[in-house]
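To keep things clear, I will list the structure first and then write my remarks on it.
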Amino acid sequence: MRGLVGGFLGVLALLMPTAVSGISHFSPFRFCQLGDLQIGFGLDGWQNDTYRMHLAAQQVNADGFDFCIAVGDLTHNRYDHEIQAFQTTLPEFQIPVHLLPGNHDINDVATLKQFTRDYNVSDHSSFSHNGYRFILLDSVTLMSNLTEFANYTTAEWAWFESELKSAHRQSEQIVVAHHHLPFEVSEDEPDSYWAFPNRVRGKYIDLIRKYKVRHILVGHRHETKNIYPADRAYAIYVVAGTARFFDDNGFGINYFDVESMDSARDVRQEYVHLRGVTHMKRSEGEPTGCPDIFAH
Ligand SMILES: *[C@@H]1O[C@H](CO)[C@@H](O)[C@H](O)[C@H]1NC(C)=O
Ligand SMILES: *[C@@H]1O[C@H](CO)[C@@H](O)[C@H](O)[C@H]1NC(C)=O
Ligand SMILES: *[C@@H]1O[C@H](CO)[C@@H](O)[C@H](O)[C@H]1NC(C)=O
Ligand SMILES: *[C@@H]1O[C@H](CO)[C@@H](O)[C@H](O)[C@H]1NC(C)=O
């Protein structure tokens, strides 16, 4: 059946090469989702977080991907030695690793600017790959109500919507990635530390549904699981990463195989443990002491 669908799309692409740019650019590809690398958060010290980032690079290089997305919290404290360790290890990845910020990277305008300097990337960005548009958001700025962020927040919402529109116009399939969970259990759950507050959650979900986004990559939770809304219109992939985990799923990486332009059916996800680690020690309790990004 999949072969038939692929064949059909192939014929379409030949017949309409200019009108449907997303489809005409499609060929299968693989990408990966790195969870919170968060150098400095591990129970066994920042050198070991760095070591596990190095193991992740080896695994990614061996297993063959077009690119990866790291879903924020690149370091724990933005200490110079943590950022230095991250910078030194990143080039070990032989493919592009797209970075976006978490709440440990950005919690005010000064750290937003620092993020763009330290990592030489914007806090939000997008790229197209084989008919798919990847939209990487700064969920900190998107959901914060800090006054100093106000114009950044407005600008990012407008940018997000214009990216969705332009992807839609070009018949691209859309994947969205950011740090925080849109929700943890259901779309209408009460506010919690982990997820978008209700103040902005509805607006976000309306856009996701309107533009038929099927796949959302996040981190922040330090657990590994998939979350779905009641009608399973889209999937939220949460991956704990390589610094600490608070469930029974260990350190690992999400692998994605994109097999057609039918993103609802033909994007396959698989969680793979990090190879070569000397321990898979679960952290007890809950992550605490995280920067506040809200006005009170
Ligand atoms: C920490 O990393 C070193 C390698 O840098 C390794 O030899 C050691 O076993 C690791 N410790 C733990 C607890 O994983
Ligand atoms: C920053 O990125 C730009 C392009 O994105 C590149 O031309 C430049 O060399 C980079 N600078 C550093 C210091 O990596
Ligand atoms: C927000 O305002 C500040 C100061 O007025 C300015 O430096 C900054 O570039 C603005 N940011 C955006 C995204 O417009
Ligand atoms: C800011 O947002 C948080 C979380 O949504 C909320 O609890 C708080 O009341 C808001 N503060 C202000 C001043 O609007």
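Atoms within a ligand are numbered from 1 in the order they appear, just like the ligands themselves.
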N/O contact list for ligand 3, threshold under 3.5 Å:
| unit_1 | atom_1 | unit_2 | atom_2 | d |
| --- | --- | --- | --- | --- |
| ligand 3 | 2 (O) | Asn151 | ND2 | 2.3 |
| ligand 3 | 11 (N) | Asn151 | ND2 | 3.1 |
| ligand 3 | 14 (O) | Asn151 | ND2 | 3.4 |

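- Every atom of ligand 4 with a heavy atom of Pro197 under 4.0 Å away is listed here by number and element: 5 (O).
- Between His296 and ligand 4, no N or O atom pair is found at a separation short of 3.5 Å.
- The side-chain tip of Arg232 points at the ring of Tyr228 from less than 6.0 angstrom away and within 45° of straight on.
- Residues forming a side-chain contact (heavy atoms from CB on, under 4.5 Å) with Asp118 (at least two apart in sequence, or on another chain): Ile83, Gln114.
- Residue pairs meeting the side chain to side chain donor-acceptor pair (under 3.5 Å) criterion with at least one member in residues 141-158, sequence neighbours excluded, are Asp138-Thr141.
- Judged by distance alone, the side chains of Glu172 and Ser128 do bring a donor and an acceptor atom under 3.5 Å apart.
- Legend: residues meeting side-chain contact (heavy atoms from CB on, under 4.5 Å) with Arg282, ordered by chain and number and at least two apart, are Phe245, Asp248, Glu284.
- Salt-bridge annotation for Asp257 and Arg30: present, with a side-chain N of the basic residue lying under 4.0 Å from a carboxylate O of the acidic one.
- To the nearest 0.5 Å, atom CE of residue Met143 and atom CG of residue Asp191 are 9.0 Å apart.
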